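As the structure is a prediction and not an experimental result, all values here were calculated from the model. Just so it is clear, the values below take in all heavy atoms, side chains as well, and ignore hydrogens, waters and symmetry mates.
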Amino acid sequence: MDEEIFDAVIVGGGLAGCTAAYVLAKAGCEVVVVERGSYSGSKNMTGGRLYGHSLEKVIPGFAETAPVERVITKERLSFLTEDAGTTVDYTTPALADPACASYAVLRAPFDQWLAEQAEEQGAMFINEIRVDDLIVEDGKVRGVRAGDDDLYARVTILADGAVSLLGQKLGMVPPLDPHKYAVSAKEVIQLDEKTVSDRFGVKAGEGCAWLFVGDPTNGHIGGGFLYTNKDSVSLGVVTTIADIDYNDTSVPDMLKRLEHHPVVAPLIEGGDIREYTGRMVIEGGIAGVPELVRDGVLITGDAGALGLNTGYCVRGMDFAIESGRLAAETVMAAKEKDDYSAASLATYTAKLDDSFIMKDLKHYAKFPTFMEETRRMFTDYGPMLNEIMSGMFTVDGSAPVPLKKKAMGSVKKVGLMNIAKDARKGLKAL
């Protein structure tokens, strides 16, 4: 065979792919990343939240030079009805401690920055090329077919996103299960730096992460989210694919409902929509994780369904970065042994099992099912909480009613037994 053989070819220049490329190139491996966008991040047009602990292991102090938007110091969770909201707010500068800091990021500049770090270490990037197929010989993956070229590699790392078509071609990733994926619509709304800080009550450089449950999804399983960027706000909604036909509210309509909600509307007033996009989101938890290793191939990040949504905490970026690092370490160990069989690459799954990724996924294994089976979370609890709050804070001169009686009237509409049952199931799932 006269073709050049890389130590690794990576499909996808997102966080998992770029991290694997960085670690491999830094160790002296020959690695090439094939990205279908014009640059890494060009397909990730809107913002999100990065828990920084995993990237700190790879690039210590990365936030000093990376294009992060704001460090999150304020957490909010709101239960919304059509015209009201009950909000839990947790604010502390301790959330900015580097050991646990999380950041609002815009993926286009952030992914591009991470790709540049990998290139500086010697990784090669081929952009604007789609990988159409894998090279499989004698049952072993030998590389990829990208455009008119065949790229041979000792190991192929699939980091090709939430619906890995290449993983499906290999039979490693099963066909899309609507219960294990969600669809999201989100946008970036341009404001200015001072306006963002003032409206969310944070200092310059600090930010807010805000999740919403209830009215915007109109009873659908899912919710809304908001992240404060330096001079903009990332706003979006997400709902499980299996629940899309629950009623006539489309995902774009859900986003409009969130935009116009009285809790949200004043926060984005006067802003201009800079970006708007939709994407698939993994929601299956550990039950959605497919086969990750075969002869000559590993699957990382969203392609491996490595992500977690606990309702109050949504994670995916730190899982992608960690899995990319572990995949790279596995390839390096395989190179030392000159053994790229599934048995040798199984070190990857062992590393995942020993990492926070699988520990967290196993810990919250029951939560996705709990969310799907507890529709009251999206239909009844918002109205109940807001009715209780209205009873507490509305003063109109009428005869006083004991607070316990006010609250119990709202609670009984949902049912004490239902609440107790849901609370028990939810605590067990968490």
Side-chain angles (χ1 to χ4, degrees), residues 41-50 66-91 95-96 102-113 183-218 220 222-239 249-279 281 314 317 382:
S42 65
K43 299 295 183 182
N44 289 312
M45 295 184 65
T46 52
R49 181 179 190 174
L50 167 67
V68 298
E69 296 293 310
R70 291 174 181 258
V71 61
I72 302 300
T73 57
K74 185 186 293 286
E75 304 273 5
R76 284 178 174 169
L77 173 63
S78 290
F79 287 85
L80 304 181
T81 58
E82 184 177 354
D83 59 359
T86 298
T87 300
V88 177
D89 186 313
Y90 176 64
T91 304
L95 288 173
S102 65
Y103 306 89
V105 298
L106 293 170
R107 288 291 301 275
F110 191 86
D111 288 20
Q112 190 172 17
W113 171 84
V183 62
S184 170
K186 50 184 180 176
E187 60 194 8
V188 173
I189 301 170
Q190 187 73 46
L191 294 164
D192 65 71
E193 189 169 356
K194 185 176 185 303
T195 297
V196 173
S197 296
D198 290 348
R199 288 185 179 179
F200 291 89
V202 292
K203 298 178 181 178
E206 296 183 353
C208 173
W210 200 335
L211 299 180
F212 304 94
V213 180
D215 180 75
T217 59
N218 197 23
H220 283 271
F225 55 86
L226 181 154
Y227 302 111
T228 52
N229 305 314
K230 186 176 296 183
D231 57 1
S232 64
V233 169
S234 295
L235 184 70
V237 294
V238 62
T239 186
T249 307
S250 68
V251 177
D253 286 343
M254 293 179 197
L255 184 51
K256 285 295 182 184
R257 291 171 72 99
L258 184 59
E259 285 177 2
H260 295 296
H261 193 277
V263 171
V264 176
L267 301 172
I268 60 175
E269 184 179 2
D272 297 318
I273 296 178
R274 190 171 78 192
E275 299 169 1
Y276 186 102
T277 189
R279 61 166 295 186
V281 182
V314 181
M317 297 189 204

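Contact between Thr73 and Ala96 at its shortest, heavy atoms only, is CG2-CB, 4.0 Å. The two residues Pro216 and Leu258 come nearest to each other via the heavy atoms CG-CD1, 3.7 Å. The two atoms that bring Pro262 and Ala84 nearest to each other are CG-N, 4.4 Å, heavy atoms only. In terms of heavy atoms, Glu193 sits closest to Ala204 at OE2-CB, 4.5 Å. Residues Leu95 and Lys74 approach most closely at CD1-N, 4.3 Å, considering heavy atoms. Residues Thr81 and His261 come closest through the heavy atom pair O-NE2, 2.5 Å.
Residue Asp272 holds its CG atom at 9.5 Å from CD1 of Ile189, rounded to the nearest 0.5 Å. The CG atom of Leu211 sits 10.5 Å away from atom CZ of Phe79, with the distance rounded to the nearest 0.5 Å. Summarising the geometry, atom CD1 belonging to Ile268 is positioned 5.5 Å from atom CG belonging to Leu235; distances are rounded to the nearest 0.5 Å. Taken from CD in Glu187 to OG in Ser232, the straight-line distance is 11.0 Å, to the nearest 0.5 Å. For the atom pair NE2 of His260 and CG of Asp215, the computed distance is 12.5 Å after rounding to the nearest 0.5 Å. Here Leu255 contributes atom CG and Asp253 contributes atom CG; the two are 9.5 Å apart, rounded to the nearest 0.5 Å.
Heavy-atom contacts from other residues, nucleotides or ligands closer than 6.0 Å to CD of Glu269 number 12 or fewer.
Within the 3.5 Å criterion, the main-chain N or O of Val264 finds no donor-acceptor partner in the side chain of Glu259. When atom types are taken as modelled, the side chain of Thr217 and the backbone of Val213 share no donor-acceptor pair closer than 3.5 angstrom. Here the side chain of Glu69 pairs a donor or acceptor atom with the backbone of Lys230 at under 3.5 angstrom.
Under 3.5 Å, the side chains of Thr228 and Arg199 contain no donor-acceptor pair of N or O atoms.
Taking 4.5 Å as the limit, every side-chain heavy atom of Pro67 sits out of range of all side-chain heavy atoms of Leu106. Side-chain contact between Val251 and Val237: present, with at least one pair of heavy atoms (C-beta onward) separated by less than 4.5 Å. In this structure, Ser234 and Arg49 have side chains that are not in contact, with every pair of non-hydrogen atoms separated by 4.5 Å or more. Put simply, the side chain of Val233 does not reach to within 4.5 Å of the side chain of Trp210, judged on heavy atoms. With contacts defined as side-chain heavy-atom distances shorter than 4.5 Å, the pair Arg107/Val105 qualifies. Looking at Tyr227 and Ser102, their side chains never come closer than 4.5 Å, going by heavy atoms from C-beta outward.
Aromatic ring pairs are classed by plane angle as parallel below 30°, tilted from 30° to 60° and perpendicular above 60°; the pair Trp113 and Phe110 is tilted.
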